[in-house]
Amino acid sequence: MLTKRINYLFRSTKGLVLVAIAMISLVTAIWGMLSGPMVEWGVRDVVVRLLGMKLVAAEREGRIIMLYHAIAMAVVAIEVYFITGLVPMKDHQRSIINGTMTAGYLMAMIFGLTFAYFGRNFVFHGLFLLGLSLVFFAGILLASALWPWKREYYVQDPQYAHTRKRVDLERVAFFTMAVATLGSAVLGAVTGSYWGNGHETFLAEDLIREPHKTALQLAIIGHLHIMLTLIAIALTLIVGRWLDFKGLLHKIAMPLMIFGTIVITLGTWSVVPFQDIAHKIINMGSGPVLLAALFLVIYGWRKITRQRLEALGIEKPSLLQRLGALLHDPLKFGALWQMVYMNFVVTAVGIFMAIKLDEIFRVWPAREERVALTGHWHILSGIIATIILLYYADLAGLKGKARQWFGWVVIVGSDLAFAAVSVFETKRLFVSESAQQPLVNWTMLVTDAGLASVLLVLGILMVWRLVDLFRRRGRWEEEFAQSAFIAEDPTPLKRTLEEE
Amino acid sequence: MRGTLFLLILTALLTTACATTPTAPATPPPIIDTGVDPEAWALIPAGEFLFGQHEKEISIDYDYEMMVTDVTNAQYARYLNEALAAETVKVVDGQVVGYYPGDEFHGYDHEMKIEAGDWLHVPLQDPGVRVSYDGETFNASPGYENHPMVGVTWFGAKAYCDFYGWRLPTEVEWEKAARGTDGRPYPWGDEIARNNANYYSSRDLFEKIFGGLGDTTPVGFYNGKTYDGYQTLDSPSPYGLYDMAGNVWQWTGDIYEGVHYRYMRGGSKANYEYNLRVWTRNSAGPDYFSPSVGFRCVRDAAP
């Protein structure tokens, strides 16, 4: 029976996603103890002493970079599992991609964190790099499996975006994203290979006011921006498949997504040779991607509203009934709402910062501007995480009150926290340093309460799944017996493959 | 039941949030004599040292002296009285201003012109400033006489040093004075404890009194003495300078091509401890002021 459970955890899509979320939860639970407010409460000192961590002052930036990579690799793995579960490909391709990815992210995570936080043993650093290499190799395999110009993957149902020759444009969008991610990973890897030989560890937010940046520094700045962007793009495509995005909006959205992905990627790469125009290129690509996501939201909200009203048998709904139908499933509504909300707390703030950079943000001390920047991308990462959690909760089969509670706590808790962080990071707009303390206290309180509530329901979900694993006929067995596909609705893509 | 639970949570949130303390305390702090003389200077000998986080070998080929502590409110008030008499500064609309000849402008992205003219030195009406002006005389706020002068712009800091024939330290001079020659990350050594310096959540005496961000501590506070039951660790730099990490950021004097920013070192009472590492920089325009920013001066060593 142990073998069966291990097979479930490491060979089924849902099991693999569960393991990766559990690993991230574990890392978050431990490493979350090292920053505020745990520092103020003295928890960090206890954790450091208890676990025997070695926090050398000069190595802080390196440690943080390793931590980012450890978590990012697990997030990338989750997205890859989703993709191999949603997009048709051969069984052997799915197995080898998932297997390579799993070995890679676990090595990167375990050995990276051991190297960074428990003494600098360079054997571990080597194994960390091997893990990253395996993740990269899994990406090559994924791109290869996603190759769209194979007849077996051509679109059969005309409701889905396609070319005249019926090439599936959604598959092209996935493929483009995968190739762009591989190229963007190289941007970071090449720079990393110069570590100690012309390249020194740094955090991008510490270079914001340097008038001259080296090519290697620019490459890293481009790398980290595009990787987070591509993770968000991949997730948008995944949510689209989850909700069976199709129809006219799909046909408009997919070309926009492909074009936007290519342009944003080339724009961030061009920051190395053409720093002056890179931002203009990136903006040209961002617009189409945001529009494509907007079309997905419109489609998805219409669909879940319509389905609910049909289920209730309401033919001529009032506005309130429509609203009730839209909100009845917090998991599906929430995944799309978080994309909309991102525009308030990430895109709008980012555009405002860009427009008022010299007038406002560069008047602040660098440490204040730095807070704004780090808050900005932490929110984006947090939003990505919540969308993944909402999708996973749906996959895990949360129903009834548990589904409602989990969904709404994640949405409300995280959004309150993100709103509070947005106020905190831009506090100098409203209050001087001399009078900031009440505002700091309030925003910190709301942030901590919001994040704690999300972590609490995540913890409950994880404990539930852990307990379930010990049950003879648990949910895990049911999930293991299911098809490798995780899409809710049979899609024409799937039918095509099944017909093959 | 649900309503009760909601009310309980709401009450808990409100009571926690109400326990806030403004940064500028209404009551004066306890008067503490640290025994460290703010008029003292320390000699920094010429020679090589390890500069920055990545420890580049750099040499300073001259001896110089740096103030053992940050400039205090009492010292700055005394200076303002002298400078006002000498007409190198003036008070306009509740602000101390003075002439600055301007910077060379290179036209880089984000570079702003710093033109010749009168610039802000100290905004006397800012609640963070602990120097007051009664129309004739400047005085340090009671209880803050030996606390570092804060709310002073780079122009105000430079003017102070210039007035006495000294100057603001360069970043290189500042860092060598802070860490000596052995590459240590903090002035006193490799690690930081809560009673080494005044930083955010360091639980110092003033955080205990005022809560929240706490307050500045008197210069030389962390010298191994016990104050009202609060035990400090003796935390001078290798050359005997105090408060080179924490308490207030310190303006440095460099003006770099293509940027109008001025740079600060040392971290402050409002920052987590990683900002107190000796290589950490902060920057702002020369007219920026804050209750967490002060300065100290350097001068050439006596021949």
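Please read these numbers as outputs of a predicted model, since none were measured by experiment. Here is how names work: the chains are called A, B, and so on, in the same order as the sequence lines, proteins then strands, and each is numbered from 1.
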Inset, instruction - Identify which of His110(B), Met112(B), Gln53(B), Met264(B) forms the greatest number of heavy-atom pairs closer than 4.5 Å to chain A. - result: His110(B)

Inset, instruction - Start with the C-alpha distance between Arg262(B) and Glu171(B), add both sets of side-chain angles, then the distance that settles salt bridge (charged side-chain N to carboxylate O under 4.0 Å, His left out), and finish with yes or no. - result: CA-CA 10 Å; Arg262(B) 304 303 196 260; Glu171(B) 287 195 84; over 6 Å; no

Inset, instruction - Tabulate, in ascending numerical order, the residues of residues 361-372 of chain A having at least one heavy atom closer than 4.5 Å to a heavy atom of chain B, or enter 'none'. - result: Arg362(A), Val363(A), Trp364(A), Pro365(A), Ala366(A), Arg367(A), Arg370(A)

Inset, instruction - Mind ranking Glu59(A), Arg209(A), Glu210(A), Met444(A) by heavy-atom pairs under 4.5 Å with chain B and telling me who comes out on top? - result: Arg209(A)

Legend entry - Atom group of Leu55(A) that falls short of 4.5 Å from chain B, counting heavy atoms: neither

Inset, instruction - Select, from Ser290(B), Pro185(B), Gly285(B), Gly258(B), the one with the greatest count of heavy-atom pairs under 4.5 Å involving chain A. - result: Ser290(B)

Legend entry - Side chain / backbone / both / neither for Ser202(B) at chain A, heavy atoms under 4.5 Å: neither

Inset, instruction - Write down the atom of Trp279(B), the atom of Ala57(A), and the distance for their closest heavy-atom approach. - result: CZ2-O, 4.1 Å

Inset, instruction - Give a yes or no on whether a salt bridge exists between Glu359(A) and Lys356(A), defined as a side-chain N under 4.0 angstrom from a carboxylate O. - result: yes

Legend entry - Residue pair Tyr199(B) / Asp204(B), side-chain donor-acceptor N/O under 3.5 Å: no

Legend entry - Between Phe155(B) and Trp119(B), ring centroids under 6.0 Å: yes

Inset, instruction - Flag the pair Arg277(B) and Glu61(A) as a salt bridge only when some basic side-chain nitrogen lies within less than 4.0 angstrom of an acidic carboxylate oxygen. - result: yes

Legend entry - Portion of Glu273(B) that has a non-hydrogen atom of chain A nearer than 4.5 angstrom: side chain

Legend entry - Part of Arg281(B) within contact of chain A (heavy atom distance under 4.5 Å): both

Inset, instruction - Select one option (side chain, backbone, both, neither) describing which atoms of Asp287(B) are under 4.5 Å from chain A's heavy atoms. - result: neither

Legend entry - Tyr274(B) and Tyr272(B) aromatic ring geometry - parallel, tilted or perpendicular at 30°/60° bounds: parallel

Legend entry - Residues which pass ring pair (Phe, Tyr, Trp, His ring centres under 6.0 Å) with His212(A), listed by chain and number, not counting sequence neighbours: Tyr108(B)

Inset, instruction - Pick one of side chain, backbone, both or neither for Asp206(A), based on which atoms fall under 4.5 Å of a heavy atom in chain B. - result: neither

Inset, instruction - Would you tell me whether His199(A) and Thr191(A) have side-chain atoms, one donor and one acceptor, within less than 3.5 Å of each other? - result: no

Inset, instruction - Tell me, for Tyr256(B) versus chain A, whether the close heavy atoms (under 4.5 Å) come from the side chain, the backbone, both or neither. - result: neither

Legend entry - Donor + acceptor pair across side chains of Thr217(B), Asn247(B) (<3.5 Å): yes

Legend entry - Interface residue of largest heavy-atom contact number with chain A, from Glu111(B), His260(B), Glu55(B), Arg194(B), under 4.5 Å: Arg194(B)

Inset, instruction - Decide if the gap between the ring center of His125(A) and the ring center of Trp195(A) is smaller than 6.0 angstrom. - result: yes

